[in-house]
Amino acid sequence: MGINGVATLLRTDDLIAWTPVFTDGLGNSNNTNVSSMAEFNGYFYIGLRNVTEGGEVWRTSNGVDFSPVFTGGNGNIDDQRPYGLIVYQNYLYLTFSNLVTGAEVWRTSNGSTWEQVGFNGFGDALNIHADYFDKAATIYNNSLYIGTLNNVEGGQIWQLLFSPDTVTISGPTSGIPNQEYAFTGSTSPLTTTLPLTNTWQATNYPPITFTAGITSTIGYIWEIPGAKVITATVENGAGAVTNTHLITILPFIENSIFLPTVMR
């Protein structure tokens with residue numbers, strides 16, 4: 001919150017009596033609002049709106065003594081409004097509203113080192129605000145969603161996607177005609193955003209596409225002996241991966257038997 005144009009933070013033990021933690025923008029009167037809050041790895045983080053010098057993020061381990069995580073918009077003075085803080089999959093995510101180049105998303109795993117994962121209003125510089133004052137981000141079905149403010153085209157909702165890194169195919173490497181064989185594709189990492197579009201293709205078969213989770217299974221039957229190639233492609237909106245598997249269908253010889261080479 002801000003009182004008289006300066007960021008102020010209060011706290012309470014009983015939800016009735018409130019006492020100030022600070023009333024001076026943490027020593028900077030240009031910090032006009034406490035714009036976001038989150039608990040992460042034992043620290044309480046707050047974002048401070050500063051349209052003069054760039055937004056700031058501070059943290060405390062005891063609820064009273066704050067230290068800066070970064071100031072000056074984390075290197076970009078146009079990043080003036082750190083309006084969203086939210087924890088998702090072992091990262092603390094920060095959304096910066098940016099009225100010049102569009103909203104940005106940053107994240108950290110340790111509170112000190114930050115990497116940018118959302119750029120320029122998600123590709124539209126008119127998306128100037130994101131997670132406005134900590135009110136437009138949520139986690140649903142294990143995905144992070146962030147809402148944006150766009151005064152020209154209307155508000156939008158964006159989903160954070162994690163692309164698949166690999167898909168491995170398990171199944172037999174040899175077989176006989178007219179016998180069904182099952183093959184399973186396993187996608188990694190486990191944090192890959194679901195659902196996944198799976199496309200299976202095999203020698204003598206047209207492609208088959210369906211939606212599945214981290215694993216999917218398909219069966220094939222071949223009548224003609226020879227080498228058969230199975231291809232699995234897994235994709236979501238963030239990327240795609242492909243792998244292949246080889247099975248050799250051996251000729252089936254009827255009434256064949258094995259005889260000992262030595263008789264005793």
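As the structure is a computational prediction, the values presented were derived from the model and not from experiment. Both backbone and side-chain heavy atoms feed into the values below; hydrogens, waters and symmetry mates do not.
Asn28 places a side-chain N or O within 3.5 Å of a backbone atom of Asn30 that can act as its donor or acceptor partner. In this structure, the side chain of Thr173 does not engage the main chain of Gly171 through any donor-acceptor pair within 3.5 Å. Formation of a donor-acceptor pair under 3.5 Å by the Thr60 side chain with backbone atoms of Asp65 is found in this model. Side-chain N or O atoms of Asn204 include none that pairs as donor or acceptor with a backbone N or O of Ala202 at under 3.5 Å. The main-chain N or O of Leu126 is found under 3.5 Å from a side-chain atom of Asp124 such that the two form a donor-acceptor pair. Looking only at distances, no side-chain donor or acceptor of Tyr91 sits under 3.5 Å from a matching main-chain atom of Ile86. Not a single donor-acceptor pair under 3.5 Å links the side chain of Asp165 to the backbone N or O of Ser188. Using modelled atom types, one side-chain atom of Asp134 and one backbone atom of Leu85 make a donor-acceptor pair closer than 3.5 Å. Between the Asp131 side chain and the Ala136 main chain, a donor and an acceptor come within less than 3.5 Å of each other. With Ser35 contributing its side chain and Gly47 its backbone, the two residues share a donor-acceptor pair below 3.5 Å.
Across Val234 and Val167, no two heavy atoms sit closer than the pair CG2-CG2, 3.8 Å. Closest non-hydrogen pair, Thr23 versus Pro20, comes out as CG2-CB, 3.8 Å. In terms of heavy atoms, Gly25 sits closest to Leu48 at O-CD1, 4.5 Å. Between Ile169 and Ile230, the shortest heavy-atom contact is CD1-O, 4.0 Å. The heavy-atom pair separating Ser109 from Asn41 by the smallest distance is O-ND2, 3.6 Å. The shortest non-hydrogen separation linking Ser163 to Gly239 is CB-N, 4.0 Å.
Counting only heavy atoms from C-beta outward, the side chains of Ile249 and Tyr181 approach each other to under 4.5 Å. Taking the side chain as every heavy atom from C-beta outward, Thr248 and Lys228 never approach each other to under 4.5 Å. Using a 4.5 Å heavy-atom cutoff, the side chains of Tyr83 and Ser36 are not in contact. At a threshold of 4.5 Å between non-hydrogen side-chain atoms, the residues His245 and Phe183 count as touching. Side-chain contact check for Pro82 versus Trp106: every heavy-atom pair is 4.5 Å or farther apart. The shortest side-chain heavy-atom distance between Thr233 and Trp200 does not fall under the 4.5 Å cut-off. Put simply, the side chain of Gln80 does not reach to within 4.5 Å of the side chain of Arg49, judged on heavy atoms. Side-chain contact check for Arg81 versus Leu99: some heavy-atom pair is nearer than 4.5 Å.
Atom CD1 of Ile157 has 12 or fewer neighbouring heavy atoms from other residues, nucleotides or ligands inside a 6.0 Å radius. A 6.0 Å sphere centred on OH of Tyr43 holds no more than 12 heavy atoms belonging to other residues, nucleotides or ligands. Summarising the local packing, CG of Asp13 is surrounded by 12 or fewer heavy atoms from other residues, nucleotides or ligands at distances under 6.0 Å. The environment of CG in Asn110 is crowded: more than 12 heavy-atom neighbours from other residues, nucleotides or ligands sit within 6.0 Å. Applying the 6.0 Å contact sphere to CD of Glu223 captures no more than 12 heavy atoms from other residues, nucleotides or ligands. More than 12 non-hydrogen atoms from other residues, nucleotides or ligands lie less than 6.0 angstrom from CG of Asn62.
The aromatic rings of Phe66 and Phe22 lie perpendicular to each other, with more than 60° between the two planes, well past the 30° mark. Aromatic ring pairs are classed by plane angle as parallel below 30°, tilted from 30° to 60° and perpendicular above 60°; the pair Trp114 and Phe70 is perpendicular.
Results of the side chain to side chain contact (heavy atoms under 4.5 Å, CB included) test with Glu56 over Leu26, Ile46, Val69, Thr71 single out Thr71 as the only residue that passes. Considering Asn50, Thr52, Thr8 in turn, Asn50 is the only one that fulfils the side-chain hydrogen bond (donor to acceptor under 3.5 Å, both in side chains) rule with Asn31.
Thr199 and Thr209 form a side-chain donor-acceptor contact under 3.5 Å, judged by distance and modelled atom types alone. With hydrogens and angles left out, the side-chain atoms of Asn127 and Glu153 include no donor and acceptor closer than 3.5 Å. There is no side-chain donor-acceptor pair under 3.5 Å between Arg107 and Tyr88. Between the side chains of Asp79 and Asn98, a donor-acceptor pair is found at a separation under 3.5 Å.
Note that CD of Gln201 is 9.5 Å distant from CD1 of Ile208, once rounded to the nearest 0.5 Å. Distance check: Phe96 CZ to Thr101 OG1 gives 11.5 Å after rounding to the nearest 0.5 Å. Rounded to the nearest 0.5 angstrom, Met37 CE and Tyr45 OH are separated by 15.5 Å. For the atom pair CZ of Phe162 and OG1 of Thr192, the computed distance is 9.5 Å after rounding to the nearest 0.5 Å.
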Under the side-chain contact (heavy atoms from CB on, under 4.5 Å) rule, what do Ile146 and Val105 come out as? Steps first, then yes or no, please. CA-CA 10 Å; Ile146 297 176; Val105 181; 4.0 Å; yes
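Residues Tyr220 and Tyr205 place their aromatic rings such that the two centres sit under 6.0 Å apart.
By the criterion of side-chain heavy atoms lying less than 4.5 angstrom apart, applied directly or through intervening Ile, Leu, Val, Met, Phe, Trp or Tyr residues, Leu94 is not grouped with Phe133; the two fall into different hydrophobic clusters.
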